[in-house]
Amino acid sequence: MEASTSKRTRPRRDADDGTDTVDEQRRQMALRHVRQYPDPVLRVPTDEVTEFDEELAALVERMASIMGDAHGIGLAAPQLGLRLRLFVYQPEEGMAEAVVNPKITWSSDETDLDEEGCLSLGDAVRVPVRRPVAVKVEAQTVSGKPKSWDLDDYYARVFQHEIDHLDGVLMIDRVEGDEFRSGAMALLRPRP
Ligand SMILES: [Zn+2]
């Protein structure tokens, strides 16, 4: 999931030291690794991770670095073209944690509607998505240890968005209301 624009450093062309421009360049470089809609890999359900080895640890490191540079709050393996049931998210600024083989074991009946963005759908597409306010998630860590999360509000939303990616589901599939859906689809139409 993409960080909201307010949380993101916007490039300022008048910056004296060029820091913001460098940051934006790094973001654009990272986004080149992220598969973009309508890449079919974003629609393929993933397979459970079975090997908790050095290769997995290296993949998690790579995902964390791309997520950080791209200013994402979460990044799922299919977004890098990999059919693996795994995502990384940012529990705190500058941190990253892997969530491997996640399952939602409980969702609240209460839902709320909030805007989401996605690193695979471009900056322009931000849509309101209704989701349960709270969820419980069981998963494994990068070393294969069981771990569970009791989440509400923002992180409940981040986890549900990322777990959707692992099932081949995108936020645009969950948009309520024809006007938002057609607005988002118009922005996603391939440009000449
Ligand atoms: Zn996404």
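Each ligand, and each atom within it, is numbered from 1 in the order the structure gives.
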How close do [X] and [Y] get, counting heavy atoms only, and between which atoms?
X      : Y      : value
Arg131 : His161 : NH2-CA, 3.6 Å
Gly168 : Asp173 : O-OD2, 4.4 Å
Leu59  : Leu84  : CD2-CD1, 3.8 Å

For the pair Arg27 (side chain) and His71 (backbone), establish whether a donor and an acceptor sit closer than 3.5 Å, ignoring hydrogens and angles. no
Side chains of Ser120 and Gln36: any donor to acceptor distance under 3.5 Å? no
Is it true that the side chains of Tyr89 and Glu97 contain a donor and an acceptor less than 3.5 Å apart? yes
For the Zn ion (ligand 1), protein N, O or S atoms at a distance below 2.8 Å amount to 3
